[in-house]
Amino acid sequence: MRTIIAIIALTTPLLANPAQWINLFNGNDLSGWHSMPGGKWDVKDGVILGTCQKSEKRHGLLVSDKEYSNFILRAKFKVTQGDSGLYFRVQKTKSVVSVKGFQAEVDNSKEVGGLYETAGRAWTKRPDPKLLAKIFKPKDWNQMTITAIGDDITVSINGTTVTELLGDTKCIKKGHIALQLHGSMDMHVEFKDIAILELK
């Protein structure tokens, strides 16, 4: 409840200085992003396309130049092959994965929208497969929304909350956003309409 109240209070147009949605992808190039070794990122027909071959062992990442703390993040994704993720509040590391912190699972499995802490506690929350079966469209465009405010994290798929992690004092509170290409598998994943609403 407190998360919902906070969002309403900070986004209402009646405020003197309401928060504004910012597009993180301009539809033309990868300005505002940089890649970490592994896989390939391109822009095609207004979409970020990530591809990778199974022989690549590293997790290829496309990382935001800027770091973010409290926000609502939304993105549309379509996975044709492989296992991807939408990282948030992550810190860079010198490892095969390149970062540590949370990702919301992006794939066509019963775990899409689940929360996995890379270089940390691994799976912290998984969604209800029965709920996903009703709202998720495999190998088609779906929208993911991540709300991160302090210790509270919520993940929604196509407007329905699928994962909540509330009062998590161990989570990283500030970091980069990143798109993932999972290592050691053939990958073909697309992202578009990526935008963020920063909150205080």
Side-chain angles (χ1 to χ4, degrees), residues 24-25 30 32-41 48 50-75 77-79 81-127 132 136 142 144-157 161-191 194 196:
L24 297 184
F25 170 51
L30 297 177
W33 300 81
H34 58 278
S35 60
M36 306 292 283
K40 183 180 180 183
W41 297 98
I48 297 176
T51 55
C52 190
Q53 296 184 339
K54 190 175 182 179
S55 57
E56 174 59 71
K57 304 302 181 183
R58 297 168 296 184
H59 281 33
L61 298 181
L62 186 66
V63 184
S64 67
D65 293 340
K66 186 177 176 181
E67 294 187 44
Y68 301 90
S69 182
N70 297 317
F71 54 81
I72 305 173
L73 172 68
R74 65 189 183 197
F77 67 91
K78 180 168 67 173
V79 181
Q81 272 187 304
D83 180 341
S84 182
L86 180 53
Y87 281 104
F88 58 97
R89 287 177 166 177
V90 292
Q91 299 293 331
K92 295 180 184 178
T93 62
K94 293 181 179 181
S95 68
V96 69
V97 186
S98 297
V99 295
K100 64 178 180 179
F102 272 123
Q103 67 161 306
E105 185 74 2
V106 171
D107 60 15
N108 293 308
S109 78
K110 62 183 180 180
E111 294 173 334
V112 62
L115 286 168
Y116 186 93
E117 190 178 50
T118 299
R121 293 167 287 175
W123 285 107
T124 57
K125 283 284 184 175
R126 288 183 169 94
L132 286 176
F136 179 69
N142 294 271
M144 176 177 285
T145 303
I146 299 170
T147 301
I149 302 174
D151 299 336
D152 299 340
I153 299 169
T154 302
V155 181
S156 298
I157 300 290
T161 298
V162 296
T163 308
E164 282 188 313
L165 187 62
L166 305 179
D168 182 31
T169 59
K170 296 180 180 180
C171 68
I172 296 173
K173 301 301 188 295
K174 183 178 182 179
H176 299 275
I177 292 163
L179 314 179
Q180 181 205 59
L181 293 172
H182 201 291
S184 301
M185 63 174 63
D186 293 322
M187 286 291 313
H188 186 288
V189 61
E190 298 168 74
F191 291 91
I194 308 172
I196 193 165

Would you say the side chain of [Y] lies within less than 4.5 Å of the side chain of [X], judging by non-hydrogen atoms?
X: N142; Y: V112; answer: no
X: W41; Y: L181; answer: yes
X: F88; Y: I196; answer: no
X: V162; Y: F136; answer: no
X: M185; Y: Q81; answer: no

ring-ring contact (aromatic ring centres under 6.0 Å, His included) partners for Y68, two or more places apart: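 Not a single residue meets the ring-ring contact (aromatic ring centres under 6.0 Å, His included) criterion with Y68.
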Rounded distance (nearest 0.5 Å) linking atom CD1 of I146 with atom OH of Y87: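 Atom-to-atom, I146:CD1 and Y87:OH are 12.0 Å apart.
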Pairwise distance OG1(T51) to CD(E56) - rounded to 0.5 angstrom: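 Rounded to the nearest 0.5 Å, the OG1-CD separation comes to 11.0 Å.
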Could you tell me which non-hydrogen atom of [X] sits nearest to which non-hydrogen atom of [Y], and how far apart they are?
X: G82; Y: V79; value: O-CG1, 3.5 Å
X: L61; Y: V97; value: CD1-O, 3.4 Å
X: M144; Y: A104; value: SD-CB, 3.5 Å
X: R89; Y: I172; value: CD-O, 3.1 Å

Sequence neighbours excluded, every pair satisfying salt bridge (Lys or Arg N to Asp or Glu O under 4.0 Å) that has a member inside residues 117-127: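 Sorted result for residues 117-127: E111-R126, E117-R121, R121-D168.
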Neighbour count above 12 (heavy atom, 6.0 Å) for Q53 CD: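 Open: at most 12 neighbouring heavy atoms sit under 6.0 Å from CD of Q53.
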Greater than 12 external heavy atoms within 6.0 Å of K92's NZ: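 Yes, enclosed.
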Does [X] have any side-chain hydrogen bond (donor to acceptor under 3.5 Å, both in side chains) partners at least two apart in sequence or in another chain, and if so, which?
X: K54; value: none
X: K174; value: none
X: H188; value: T80
X: D107; value: S109

I'd like to check the side chain to side chain contact (heavy atoms under 4.5 Å, CB included) partners of [X]; sequence neighbours left out, ordered by chain and number.
X: F25; answer: V43, I48, I194
X: S84; answer: V106, Q180, M187, V189, F191
X: K78; answer: W141, E190

Qualifying ring pair (Phe, Tyr, Trp, His ring centres under 6.0 Å) pairs, either residue in residues 103-127, two or more places apart: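 For residues 103-127: Y116-W123.
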Which residues share a salt bridge (charged side-chain N to carboxylate O under 4.0 Å, His left out) with K40, sequence neighbours left out: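 In terms of salt bridge (charged side-chain N to carboxylate O under 4.0 Å, His left out), with neighbours along the sequence ignored, K40 is linked to D42.
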Check: [X] side chain, [Y] main-chain N or O, donor-acceptor pair, under 3.5 Å:
X: T163; Y: G113; answer: yes
X: S69; Y: K173; answer: yes
X: T124; Y: L115; answer: yes
X: H176; Y: V90; answer: no
X: D152; Y: G167; answer: yes

Side-chain ion pair, K170 and D151, N-O less than 4.0 Å: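 Looking at D151 together with K170, the answer is no, because their closest N to O distance does not fall below 4.0 Å.
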